[in-house]
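Residue indices begin at 1 and follow the sequence shown.
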Amino acid sequence: MKKITSLAPGRTCLFGDHQDYLGLPVIACAIDRDIKLTAEQNDTRTFVLNMVDINEVRKIPIDATFETLESRDYFASSMRVLRRYGCVPKVGYNITITGNIPINSGTSSSSALLMAWIRFLIEAFGVDQEVTPEFISKIGYESEVLEHGEPGGMMDHFSIGVGNIVYINTKEPFSYEIIGTGLKGLITGVSGVPKETIGLIGEIKGNALMSIGIVKQNFPEFDLNTSQIEDIDKYRNCLPDRLIPFFEAALKNYHYTKEALKEFEKPVLDLKKIGALMNQHHEVLRDLLKITVPLIDNMINAALKAGAYGAKIVGSGGGGSIVVIADPAKEDQVIAAILEAGALEAYAVDVDPGVRIIENIEI
């Protein structure tokens, strides 16, 4: 009988929110809040999933093929995807799932659960491909986004699967680069306001793509991936007023991500410069895409007043979390200020090496 334990971290987006579904780059990192999945082999030909934190138990027959999928059933979709890669369950497991990633907070608790599940299945039953961080990330993306036809991108799966601080080029041909293994002064603040994911992403993505399409109709030479921030004024007059903010946001966020990459590529990080770019990025998310809520803005303002270099909302928006870059010597006072502003939680985080197996033993 085998016992297998997999662990998958949460993630935070440093630069590039609402960019990956446009084929634009993202800078994200895995953080040391995680989902742990402990599986002990049984003789029932069933996966018995005990999700302790939400007090829910689910049973899945190992030969389930899931010809139809329920919305957001990532356990099912990943089993369906993995079968195509030769991962066929042969025995059942009793599985206990625990975690300390706040649920529905914008730090990818659902993607971390999916990635821990995928990593377990691959470890237990194998695949007909080389198991690399990129392969595991690809399976996560296929299982969550492509299989369900959801509007999100690949940032969550590749930041969790690859780990560290990663620059993800989401335009075909896709590529990624690890640009750091640590970041001092990194803080997460959790608002406690549930984020709104699928509807908000779908609306913003639709408007962004519509604005870019209109620009290309009028200026066939326009290429979003070679665009510059100065291009905003050149092209905005061909757009209806309601779409201008979405076009402007795409170009500005792309610019700040490119500038941040230059900073991360330097041998010594300048946290002040990275923080300043983060503040500019947040202004776009707040003022143009309008994805913040008052509590998020209050938390960010409090962090900056307490000495943080930069702060921004994380993820799809409508609530969720913030990420903060602070002077490491001022972490405690910044955390206290975020809590005083009404945050449900605030804590320092470290960069995590990514999804992994931490135990595979005979019992």
Side-chain angles (χ1 to χ4, degrees), residues 2-9 11 20-21 23 25-26 28-30 34-39 41 45 47 49 60-67 69 72-93 95 97 108 110-150 152-164 166-179 352-362:
K2 276 190 173 183
K3 180 181 179 183
I4 299 172
T5 302
S6 63
L7 182 142
R11 71 97 187 94
D20 58 345
Y21 52 67
V26 174
C29 69
D34 53 64
I35 298 290
K36 185 167 77 170
L37 185 154
T38 301
Q41 192 175 323
R45 296 186 60 80
F47 296 125
L49 298 119
I60 302 175
I62 65 170
D63 55 358
T65 56
F66 298 106
E67 293 183 12
L69 288 174
R72 310 199 75 185
D73 186 352
Y74 305 133
F75 288 116
S77 57
S78 53
M79 287 179 67
R80 196 162 87 167
V81 168
L82 279 167
R83 279 184 180 273
R84 298 174 198 148
Y85 293 90
C87 183
V88 181
K90 299 291 196 300
V91 296
Y93 280 83
I95 298 168
I97 299 169
S108 288
S110 61
S111 294
L113 173 57
L114 167 67
M115 296 294 280
W117 169 243
I118 287 170
R119 190 66 192 87
F120 152 70
L121 290 172
I122 292 173
E123 185 73 8
F125 307 111
V127 287
D128 57 15
Q129 307 264 329
E130 182 185 1
V131 179
T132 63
E134 182 174 351
F135 174 75
I136 296 166
S137 305
K138 178 173 175 280
I139 295 298
Y141 173 62
E142 289 184 18
S143 300
E144 183 168 345
V145 177
L146 300 185
E147 206 72 359
H148 285 275
E150 292 186 3
M154 58 181 63
M155 171 177 62
D156 295 355
H157 316 96
F158 277 83
S159 51
I160 293 169
V162 173
N164 302 292
V166 63
Y167 175 81
I168 306 170
N169 172 24
T170 66
K171 183 178 185 292
E172 295 291 344
F174 164 82
S175 63
Y176 69 88
E177 176 188 1
I178 293 175
I179 58 173
D352 189 274
V355 66
R356 54 201 179 271
I357 297 295
I358 58 176
E359 183 180 51
N360 185 347
I361 60 173
E362 300 288 336

### Summary
Residues S77 and S143: closest non-hydrogen pair is OG-O, 2.9 Å
### Message
I'd like to check V145 versus M154 (side-chain heavy atoms, cut-off strictly below 4.5 Å). Are they in contact?
### Response
no
### Task
Test F47 against L121 for side chain to side chain contact (heavy atoms under 4.5 Å, CB included), laying out the working first.
CA-CA 11 Å; F47 296 125; L121 290 172; 3.9 Å; yes
### Query
Taking S175 as the fixed residue, which of N169, I168, T170 is the one that meets the side chain to side chain contact (heavy atoms under 4.5 Å, CB included) rule?
N169
### Task
Please report the shortest heavy-atom distance between L113 and I35, naming the atom on each side.
N-CG1, 3.9 Å
### Task
Flag the pair L82 / W117 as yes when at least one side-chain heavy-atom distance between them is below 4.5 Å, and no otherwise.
no
### Message
So, taking the atom named OG in S108 and the one named NE2 in H157, what distance separates them when rounded to the nearest 0.5 Å?
### Response
7.5 Å
### Message
Nearest 0.5 Å, please: how far is CG in L114 from CZ in F75?
### Response
8.5 Å
### Query
Which pair of heavy atoms, one from G163 and one from A30, lies closest together, and at what distance?
CA-CB, 4.0 Å
### Message
Testing the 3.5 Å rule here: is there a donor-acceptor pair between the side chains of Y85 and R83?
### Response
no
### Message
For a side chain to side chain contact (heavy atoms under 4.5 Å, CB included) check, start with the C-alpha distance between S111 and R11, then their side-chain angles and the critical distance, and finish with the verdict.
### Response
CA-CA 9 Å; S111 294; R11 71 97 187 94; over 6 Å; no
### Query
Given side chains that start at C-beta, do those of V131 and R119 come closer than 4.5 Å, heavy atoms only?
yes
#### Entry: Full working for side chain to side chain contact (heavy atoms under 4.5 Å, CB included) between Y141 and D156
CA-CA 8 Å; Y141 173 62; D156 295 355; over 6 Å; no
### Task
Could you tell me whether the side chain of P89 reaches within less than 4.5 Å of the side chain of F125, counting heavy atoms only?
yes
### Message
With rounding to the nearest 0.5 angstrom, report the CD to NZ distance, E134 to K138.
### Response
9.0 Å
### Message
Working to the nearest 0.5 angstrom, can you tell me the gap between I118 CD1 and I136 CD1?
### Response
8.5 Å
### Message
If I take atom CE from residue M79 and atom SG from residue C87, how far apart are they, to the nearest 0.5 angstrom?
### Response
8.5 Å
### Task
Quick one: closest heavy-atom pair of V355 and G161, and the distance?
CG1-CA, 3.8 Å
### Message
Determine whether K2 and E123 satisfy the following criterion, salt bridge (Lys or Arg N to Asp or Glu O under 4.0 Å), listing intermediate values before the conclusion.
### Response
CA-CA 11 Å; K2 276 190 173 183; E123 185 73 8; over 6 Å; no
#### Entry: Exam field: side chain R80 to backbone F66, donor-acceptor pair closer than 3.5 Å
yes
### Summary
For R356 and D352 the tightest heavy-atom approach is NH1-OD1, 2.8 Å
### Message
Using only atom types and a distance under 3.5 Å, with no angle test, would you say the side chain of S6 pairs donor to acceptor with the backbone of A116?
### Response
yes
#### Entry: Rounded distance [0.5 Å steps], OG1 in T38 versus CZ in F120
10.5 Å
### Message
With heavy-atom distances below 4.5 Å as the criterion, would you say the side chains of S137 and Y176 are in contact?
### Response
no
### Message
Please find the pair of heavy atoms, one from P9 and one from A112, that lie closest to each other, and give the distance.
### Response
O-CB, 3.4 Å
### Query
Do any N or O atoms from the side chain of D20 and from the backbone of M155 form a donor-acceptor pair under 3.5 angstrom?
yes
